[in-house]
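Order of listing sets the numbers, starting from 1, for every ligand and every atom in it. Keep in mind that what you see is a predicted model, and the values were worked out from it rather than measured. Keep in mind that the numbers below use all heavy atoms, side chains included, and drop hydrogens, waters and symmetry copies. Position 1 is the first residue of the sequence, and the numbers go up from there.
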Amino acid sequence: MDRIADYKAVVGALPLPAVIVGQGKRVLVMNAASRELLGHNATGAHYTFILRQPSATAALEQTLSDGAARTARIDLSVGGEPSAFTIDMTPLAAEPSPGVLLVFRDVSGEEGLGQMRRDFVANVSHELRTPLTALSGFIETLRGPARGDTAATDRFLGMMEVEAERMRRLVHDLLSLSRVESEARLRPETRVELTEALREAVETVRHAMKDHAVELSLDLPEGEVWINGDRDQLMQVARNLLENAIKYGAGEVDVAMSLPEREPAMRGPAVLLDIRDNGEGIEPHHLPRLTERFYRIDTHRSREQGGTGLGLAIVKHIVSRHRGRLRISSVRGEGSVFTVVLPR
Ligand code: ADP
């Protein structure tokens, strides 16, 4: 009897839901967390009052009979939401063993993360396989039907260069994304002057503007604009948004920076960077998903333009590292505005 009181004290102190089921298959101890999780106090009752899923009862029966530890996985509802749990079942070490300790762990978050990781790997593999398949095809053609044909060889080498460049861009964007993600919690400490950084970002897309015959207007506030930030990352934000406006727009891009003294989302003074294009616009149902990795409205069009589907995901991460916001608004047939809001 004393021993049960000791077990009660120990199990009661555990921060996780825990239960002891005795050799007689009755519940000997339940701590407060397990009573809350399982809905009632079943102390003294048969364990099936709290555990009914066959995967768990079978494991518990085996552990009670052979004394070997096991883990079962069950689904429970927590606050009306279905959640995945594991139950670690460990026989209590004493002779004879008074029973089995059951510790419940909510693993829904881990399973969700695992699924996200698997989806990401599947997406990356798919994105890399597309140019790889094309490259293998060109190599085969060069070895076979196009052998000795100088004009065809030149043409195929050109196409191979395009595919290799696509792979290079994808690897570059994947590395950028992973770097930005790893720094997500590091608040930038260096000072950056934004008008000069933005002018430089515009210079880096001049060649793309020329290719797409785009006219760009730049409306900057007078004087310098200093904030705490990571200059390279903020330039990447501007570059990615400018490249999109050039790629998906229709010849006109307006860039404007303004300095509102009170921006509700920042609860104080802010910098607003608007990048507006006159493209065909975006249907509202796409807007919330645009910053997901590899989400594209028109995959074919994005690929044709050399897109990786990662540009806006990178933008979102950088902006949130700077405690800012990305707003997207768009009117079909008129164009889109991507606004970066940063605290000042
Ligand atoms: P991508 O490399 O495909 O351009 P992004 O992450 O930069 O990847 O953008 C994701 C998708 O959002 C694009 O494929 C495109 O469908 C859409 N998009 C981005 N910017 C614009 C824009 N200015 N106008 C219309 N659609 C856009």
To check your reading of the model: name the closest protein heavy atom to [atom], its residue, and the distance in Å.
| atom | answer |
| --- | --- |
| atom 24 (N) of ligand 1 | Tyr248 CB, 3.4 Å |
| atom 19 (C) of ligand 1 | Asn244 ND2, 3.5 Å |
| atom 12 (O) of ligand 1 | Leu290 CD2, 3.4 Å |
| atom 6 (O) of ligand 1 | Leu312 N, 2.8 Å |
| atom 3 (O) of ligand 1 | Ser302 OG, 2.6 Å |

Ligand 1 atoms in contact with [X] (distance to a heavy atom under 4.0 Å):
| X | value |
| --- | --- |
| Ser336 | 24 (N) |
| Asp277 | 22 (C), 23 (N), 24 (N) |
| Gly311 | 5 (P), 6 (O), 7 (O) |
| Thr308 | 2 (O) |
| Gly309 | 1 (P), 2 (O), 3 (O), 6 (O), 8 (O) |

For this session: Applying side-chain contact (heavy atoms from CB on, under 4.5 Å), run through Phe294 and Thr299 and close with a yes or a no.
Result: CA-CA 9 Å; Phe294 298 118; Thr299 308; over 6 Å; no
Does atom [atom1] of [X] have more than 12 heavy-atom neighbours from other groups under 6.0 Å away?
| X | atom1 | result |
| --- | --- | --- |
| Glu161 | CD | no |
| His172 | NE2 | no |
| Arg143 | CZ | no |
| Gln62 | CD | yes |
| Arg147 | CZ | no |
| Met159 | CE | yes |
| Glu252 | CD | no |

Which one holds for [X] and ligand 1: side chain close, backbone close, both close, or neither close, with close meaning a heavy atom under 4.0 Å?
| X | answer |
| --- | --- |
| Lys247 | side chain |
| Leu310 | backbone |
| Tyr295 | backbone |

Exercise. Could a heavy atom of Asn240 be found less than 4.0 Å from some atom of ligand 1?
Worked result: no
Exercise. Is there a path from Leu220 to Val205 through hydrophobic residues (I, L, V, M, F, W, Y) whose side chains come within less than 4.5 Å of each other?
Worked result: yes
For this session: Return yes or no for this condition: an N or O of Ile297 is under 3.5 Å from an N or O of ligand 1.
Result: yes
Exercise. Of the non-hydrogen atoms in Gly223 and Thr195, which two are nearest, and what is the gap between them?
Worked result: O-CG2, 3.9 Å
Problem set entry | Shortest reach to atom 26 (N) of ligand 1 by a heavy atom, considering only Ile282, Leu242, Thr291 | Ile282
